[in-house]
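In what follows, every chain begins at residue 1, and chains take the letters A, B, ... in the order their sequences are listed. If you're wondering where the values come from, they're calculated on a predicted model, not measured in any experiment.
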Amino acid sequence: MQRETLKNLLKNGAIWGFIVLELVFFQVVGSVLSLSETAFIDPDNMLLLLKQSAPIGIIAVGMTVIMINGNIDLSVGATYALAGIVMLDSMTWPIFVGLGDWAIPFAWLMALLTGCALGLINGLIVWKTGVDAFIVTLGAMLGFRGLVFMYNGQQPTYHLNWTMVDIAEWGVFGLQTSALVFIGVSLLVWLMMTRTVHGRNAYAIGNNREAAVNAGIRVGPHILINFVLIGFLAALSAVAFYSGSGSVNPNDGMLFELWAITAVVLGGTKLAGGAGSIVGTFGGVIAIQLLRKGLGHIGAQTETVNLVIGLILIAVLLLDKQLNRQGQQELKL
Amino acid sequence: MAETNLKALGGLLARQGILVAFVVFMIAFALWNPRFIEIDNVFSVIRSSAILGVMALGVTFVVIGGNLDLSVGSLLSFSAIVVLDLHETPGFGPALAIPAMYAMTMGIGAVIGFLVGYLKLNSLIVTLGMLSAIHGLTLTWSGGQNMDIANQQETWFGIFGRGTALGIPIPVLMFGLLAAVLAIILAKTPFGRKVYAVGGNGTAATFSGIPRARVVFFTYIISSFCVATAGLIQASRTMGAQNTVGQGMELEVLAAVILGGASLLGGSGTVFKTVIGVLILGFIQNGLLLAGLEFYVQFVVTWIIIILAVWLDIATKRGKLWSPIA
Amino acid sequence: MTTDRKPALRLEGIVKTFPGVRALDGVSFEVYPGEVHALMGENGAGKSTLMKVLGGIYQPEEGRIFVDEQETVMTSPLQAKAKGVMFIHQELSLANELSVAENIYLGALPRKSFGRVDWKMLFDRTDAILDRLKVGFNARTLVGDLSIANQQMVEIARALTVNARAVIFDEPTASLTDAEKVVLFEVIESLQAEGVGIVYISHRMEEIFKMTDRISVLRDGSYRGTLTTAETNEDEVTNMMIGRSLDLSRNHAHAELGDVALQVEGLSCHALFQDVSFEVREGEVLGFYGLVGAGRTEIAETLFGLRTPSAGKIFLKGQEIRIHSPIQAIQNGISLVPESRKEQGLVLGMSCRDNITLPQVDDMTAGPFVSDGAEISIFDQYRDKLEIKTPSWRTAVGNLSGGNQQKIVIGKWLSMRPEVLIVDEPTRGIDVGSKAEIHNLLRDLAKQGYAVIVISSEMPEVLHVADRIVAMYHGKVIRTFTAEEVTEDSLIQAISGIEGGKAA
Amino acid sequence: AEAHGGTMTIGITQNNVGVDSYQTTYEEAFIAAAEANDAVDVVVLDAGGDVARQIAQMQDLIQQEVDAIIIWPTNGQAVIPAVREAHQADIPVIVTNSNIAEDGFDFVSSFSGPDNITQGSRSAEIMCDRFIELGIEDEARVVEITGQPGYTTAIERSDGFQDRLPEVCPNVTLVDSQPGNWNREDSQRVMEAFLTQYDDIDGVYSGDDNMGVGALNAAIAADRAEGITFVGATNFAVGYDAMGRGEYWGSIYQSPVDDAEAALQTAIDVLNGEEVPFLNYFDTPKITQDNMDEFDRPVF
Ligand SMILES: Nc1ncnc2c1ncn2[C@@H]1O[C@H](COP(=O)(O)OP(=O)(O)OP(=O)(O)O)[C@@H](O)[C@H]1O
Ligand SMILES: Nc1ncnc2c1ncn2[C@@H]1O[C@H](COP(=O)(O)OP(=O)(O)OP(=O)(O)O)[C@@H](O)[C@H]1O
Ligand SMILES: [Mg+2]
Ligand SMILES: [Mg+2]
């Protein structure tokens, strides 16, 4: 198993090479321009990076599973927002309000249940109707967003609880809660995908659905479980983030799906399904966050940031293509 | 006799599930609010769908060829800003601004086509990257400012978005004309056939001597041509534009194409079906607005309608309501 | 046969239709424990469909299925497996990104606590099975890295994973070489000894007569009868299958050999093959014979512009040419019928007609538009010539039977009227009747002055159609035989790298 | 923070630059003002409308140990904990353009910007005055096109308008309200539907002039612009021009340059230890066809 991981790491070499490149670049350019008094590659800054990566990172982990399974989920951003709303709002519900700070775990639970329920809806539709996941979740992206707005009109949902903020800002070794959640989730899901029957079947289904069906794998329940999982993770991401911010704007989470997918694909997961890894996705998430952070660090303007992020995405793809070439023995297709 | 007719009808229904969904939907809304099918309203819907529609026509080619194009929204903003800015540049005027804008927009399309077709990079990521990069370009071009035509009375630029001919709005005519031409190209020419082959099985297409890279390249050229046209209509209609006019349209366009029944895996779909997909989206939006629903209720209803329509479509094809997924 | 015992598997009056096709029309059929029962029939006769009904993949409209005389409804492959029916598919049904072990135990991975995979048990069991199959790869290899033949062996290995009541082999040998076939037959014999009922589908008569106890024949979806293998002969079976006898005699009226059409000198492609030289004349059929991975396919791909050679020259009619793409190859009059019809040969979602005319769609025009008439006339011509069975030209190729799909690919390249036609495993999965037809076609083409290269892993095939045979081993040409001097023994020795091949 | 002798570094995280001319002009004006002042270095960041990104940028600025932070909140409540973090790190925070919620006031040195609620009510007054002029104040029917759902500015302006209108013109009915997403095309589409749906529309209130002009375009196309009073907010150049042509009635004059300069100056004052009022509104007067000559054409 370990050898396989190493092999995957090398196969996804592009992303790690790229991360190193980013670090060096921003460090050097940042110090030449001497815009800030602190170094870019500062340990605190790197720990902060993990925390900042968490909202999209946690979702990207779920997206990896969904995509390996051969599906896609465009509704995660809306799920994230709705779960956040339920979390904050539930703390004001009469049944919880008497509990004081003990309402917090219940609020978290409500949020996670919401995420699971939305995932369940998507999963059931994909399974039972046979409509492609892309369409189901594209529709749900709209539909769930509608639910978000129904909840509180155009108003943000707001409930600031300083205990909850303190929990979110709590940390060990400089890693704050959301960073820990991100790392923990990555680890657990990595174990699931590499060690469990469910994980291996997800690969098989994504790789060759017909073969999986022929081999007697029950494709539907696996799809369902994975959609519930990504719903759960989108909600978990909301829990980690909104515990520390206390207010959900009904527009929150828009474009999260595209960023998550970008991170996943940068990390080497195939869009068609069947191949990919959580480790790669972790790298993809870090690479994107580094890019945003670094461009801010060197004082790039909005238009430059957009231009550079776009071109870099394409450059990474080119690099990856170059690294994974089979050389002269390749068939010219 | 009656039985064979019924069977033929059944066959037609099975093939055109999405069309049936469309008709059912129209009737339901017309019963709710008869205004919905008044000719003025119908024109108004088609006119406001024209921009989305024209873009969807191009994306249909890309999708049938087995790729995606998420950059169309961003490119639309680019083309609208560019044509307006050039229009306002002394010495240009519409006659020069329009071709120059087409050239630039299609130049960007060519870059995407090169990356995806010849370098064989993953189209989702390339166009996602281009979405961001083109937005950066647009902002650089405009300096982040809105573009507006100062003397609206003194230019004929407005006809593309606001004019009418024979009582039909020009955008509707352009959409219809472009749809007809592209439908013929896709269905009747060797190029169209190659697009299907490349999208259906790229390897087999290569083995059959089809220049896969070139075919993919041209699907993006067509797509960018359509975006440029949509950008022209857009700019002309509002006689001004923000840097973000097209933001978020990529997914709407894709939804229309997919709703029309094109497979994301490539190799299937038609221009006609895409038009139906576009109209469904346009009429849903309009119908719900007429019904006086809050925009967020519209979101939820659109969700339900999209899924029901596609479900009905594939259910009629497979002859079973529920999916056979074990 | 032991007819007093209960059949392991029995089908009664099975009916299954697809849009426009009545694929099975009241078929009944049974297999006894320990029996190897052949199922034969032309391409599209309904063999695979029948077996898919048995395996729970299709649900029949009518008819009943009995396992050990217990009536069962097979609603899914999972259920079929649970009832002890194992199914080795005609088309490979594997997940390329997973290991061999995971593929063999697909859907039945051994578990530990918390749903974890018991890797040790998985690999141990798989290694035991692979040992039994004497293959050269191990349990951890990625299936995508294996050759087609080895992938087929992975499919076959699945039959050994459970205690099956019945195992269905749907054309298991279509892409196996002789050595692997021997192993397969050993496996079948041992299953037989364990009392498993076996259904064996194949178009190869010699295998049928060697391996099976009884033969049932399907024709156009209906049951034609069952013969006891020991009491019948090829002719009778063929007659039952296609309603006439075949003249399979060797048909070597040599055509007049013309000029050298294609000459290859010292062609190499990195590690794939080295220093390959040969020539083929107008009017000649040149055979390429060798083991899997010998490099024949790669030579063909190089000639077709899909690979860049590292050294060597190619001459067409004495002119040196460079081919960088299939387009150039086609312009130069070279055509390739590729070895994998699903991946390389066909656009499965496209109609039969569109597939056949694909390489020449640019010429099928009236004005700027594709002309239906021109296309349909080409289609009709090759449908008749190759006896392609399809409800209409509109049918998606993916819905045809395996053999008919292969015929579409051949038709596609024949219709190009090439000067040099390369066919790679042209009759894989093709029924006897059509096979003879294709062989005759290839010979006819040669007679008309075409140069034909046939790559095949079936010795009878190369012996039957080729004028000369190039024997390959490990990327090198060992020897070129003429039809007169070649013997089975010398050919086997040559392609196995045994020095003796050079003598004879 | 103590008063600085040398240069001071001020970080700003903006809401969404490039989404419209206002924000872009704001950014340009801000940078220009900073460059004109030798004592100031600025780090300019753009959250792209995303709260999560804005919070990350706040953390980055804290980590870079800037002397003061200016924030244009994407969400006036969600940024409060991040603002607290800055406060705890002894970095003064100035809120610009739209304010954060009251719970965060303790952590903020000052707010500088327009008063969006007042803007909304002023628009209502402009509208009502016009109806009285036309003599239709007892029967007029009004539709509203709001900005991007969820954004504070959009919500506050709409609230201000909807609360004030019945106070000044109790008999005017607001028949419908739909979002136009700060987008001219969306607004035009919404207006087209309104025109089909309602035979009688006397007034249109839009969350900004950009959308207002979209609505105007729709009305012109339907030949119904004559009878409709268009009122907007944040007077854009297009709105100003339409006013000049007599097609558009009125708006609220708000200069991004004033906005940006006020924010920077507030930050500098805070760092210099000067006394600054907590709510630092700059004035945003009414502008209509009647008084437009008193104002310069907006540069955006
Ligand atoms: N999924 C399908 N949809 C429509 N028609 C089908 C489908 N599968 C098979 N058929 C048709 O059913 C008939 C029987 O096909 P089947 O695959 O069983 O033939 P076969 O006997 O296995 O042939 P071969 O020897 O070529 O493999 C053929 O006419 C084929 O075209
Ligand atoms: N043992 C192997 N491991 C990995 N790849 C292999 C192996 N054997 C063959 N291949 C590759 O698999 C591809 C197809 O293999 P296949 O079994 O069809 O070979 P083949 O076509 O029979 O051999 P030949 O090259 O002689 O035609 C070839 O590209 C070959 O290089
Ligand atoms: Mg078959
Ligand atoms: Mg081969």
Please look at [X] and chain A and tell me whether the side chain, the backbone, both or neither of the residue comes under 4.5 angstrom of a heavy atom of that chain.
X	value
E27(D)	side chain
L61(D)	neither
D159(D)	side chain
T146(D)	side chain

With a 4.5 angstrom heavy-atom cut-off, which part of [X] approaches chain D: side chain, backbone, both or neither?
X	result
V305(A)	neither
Y242(A)	neither
N45(A)	both
E303(A)	neither

Open item on the list: Show the nearest heavy-atom pair for residues S109(D) and F278(D), with the distance to one decimal.
Closed with: O-CD1, 3.6 Å
Task: Smallest separation among heavy atoms of M8(D) and I268(D), with atom names - done: CE-CG2, 4.0 Å
TODO: Using a 4.5 Å cut-off on heavy atoms from C-beta on, say whether the side chain of V93(D) contacts that of H87(D).
DONE: no
Task: Side-chain touch F282(A)/F182(A), heavy atoms, less than 4.5 angstrom - done: yes
Would you say the side-chain atoms of [X] pair up with the backbone N or O of [Y], donor to acceptor, closer than 3.5 Å?
X	Y	answer
S237(A)	L233(A)	no
T92(A)	L88(A)	no
N97(D)	G113(D)	no

Task: Winner by heavy-atom pair count (cut-off under 4.5 Å) against chain D, out of G246(A), P55(A), G244(A), A168(A) - done: G244(A)
Task: Sorted by number, residues from residues 48-55 of chain D in contact with chain A (heavy atoms, under 4.5 Å) - done: D50(D), V51(D), A52(D), R53(D), I55(D)
Task: Pair listing, side-chain hydrogen bond (donor to acceptor under 3.5 Å, both in side chains) test, anchored in residues 29-49 of chain D, at least two apart - done: T302(A)-D46(D)
TODO: Name the option with the most non-hydrogen atom pairs under 4.5 Å to chain A; the candidates are D103(D), V79(D), L45(D), V66(D).
DONE: D103(D)
Task: Donor-acceptor pair between D166(A) and W170(A) side chains, under 3.5 angstrom - done: no
Open item on the list: Between D208(D) and Y22(D), do the side chains contain a donor N or O and an acceptor N or O under 3.5 Å apart?
Closed with: no
Task: Ring centers of F107(D), W162(A) separated by less than 6.0 Å - done: yes
